[in-house]
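Remarks on the structure that follows.
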Amino acid sequence: RVAITAGKMKSVYAHFPININIINDNTHVEVHNFLGEKFVRRVNLLPGVTCKSTGNKDEIMVEGNDVENVSRSAALIQQSTTVKNKDIRKFLDGVYVSEKTFIQELAEE
């Protein structure tokens, strides 16, 4: 079964705006200024998965043919912004999956 699957991700922050850069032909994601840190988080997307901006503020779309790879790439982006050594009930900043969509199923021959 071949299909095009996409998931929207939204960056959520209380004070420091999170900047997301998409580089290397939409196959790498960089997360800047997470909780005001200077450290840049880099995520390599899995094969067959691309990332693009949706045009909305603080929102990106992860899409590809394989449901597993799209889901795992979105999880890698979300896990890169895990808050450490702070109360996670208070510090809710991060990049989260906001929507999962199944765009189109392609006919196999």
Side-chain angles (χ1 to χ4, degrees):
R1 192 173 119 201
V2 179
I4 300 173
T5 308
K8 286 186 183 176
M9 300 191 75
K10 198 162 180 66
S11 63
V12 178
Y13 51 87
H15 187 270
F16 295 105
I18 299 172
N19 298 325
I20 301 174
N21 293 338
I22 303 165
I23 56 174
N24 291 354
D25 295 326
N26 301 334
T27 58
H28 291 70
V29 175
E30 286 184 345
V31 180
H32 294 268
N33 201 32
F34 175 67
L35 294 178
E37 297 174 354
K38 298 296 182 193
F39 179 73
V40 177
R41 289 157 171 77
R42 290 178 180 85
V43 179
N44 300 330
L45 301 179
L46 296 173
V49 179
T50 59
C51 186
K52 65 180 183 181
S53 177
T54 61
N56 293 345
K57 185 174 181 279
D58 301 327
E59 193 173 66
I60 59 172
M61 181 177 284
V62 181
E63 59 187 8
N65 290 335
D66 189 5
V67 178
E68 291 287 327
N69 284 352
V70 171
S71 300
R72 286 179 53 205
S73 295
L76 288 172
I77 296 171
Q78 182 172 338
Q79 287 173 356
S80 72
T81 59
T82 303
V83 178
K84 303 271 197 277
N85 301 324
K86 290 183 173 55
D87 187 359
I88 59 173
R89 298 170 295 180
K90 178 70 175 167
F91 292 88
L92 299 172
D93 297 16
V95 181
Y96 298 103
V97 175
S98 62
E99 184 180 333
K100 298 176 189 174
T101 54
F102 179 77
I103 297 176
Q104 171 185 4
E105 186 162 336
L106 306 173
E108 286 190 48
E109 311 221 358

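Residue numbers count from 1 along this sequence.
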In terms of heavy-atom contacts, does [atom1] of [X] have more than 12 from other residues, nucleotides or ligands at under 6.0 Å?
X	atom1	value
E68	CD	no
D25	CG	no
I88	CD1	no

What are the two closest non-hydrogen atoms of [X] and [Y], and how far apart are they?
X	Y	answer
S73	L45	CB-CD2, 3.8 Å
F16	L35	CD1-C, 3.5 Å
C51	V62	SG-CG2, 4.3 Å
V12	Y96	CG2-CD1, 3.9 Å
V70	G64	CG2-N, 3.5 Å
I18	Y13	N-CD2, 3.6 Å

Point-to-point distance, once rounded to the nearest 0.5 Å, from [atom1] of [X] to [atom2] of [Y]:
X	Y	atom1	atom2	result
R41	T82	CZ	OG1	8.5 Å
K52	E59	NZ	CD	11.5 Å
E63	N26	CD	CG	9.0 Å
M61	T54	CE	OG1	6.5 Å
D66	I4	CG	CD1	13.0 Å
S71	L46	OG	CG	10.0 Å

Under 3.5 Å, side chain of [X] to main-chain N/O of [Y], donor-acceptor pair present?
X	Y	answer
D93	A14	yes
S80	I77	yes
T5	V67	no

query: V31, V83: one ILVMFWY side-chain cluster at the under-4.5 Å cut-off?
result: yes
- prompt: Please walk me through it: do V95 and Q78 pass side-chain contact (heavy atoms from CB on, under 4.5 Å)?
  reply: CA-CA 5 Å; V95 181; Q78 182 172 338; 5.7 Å; no
query: E30 pairs by side chain to side chain contact (heavy atoms under 4.5 Å, CB included) with which of I20, I23, I22?
result: I23
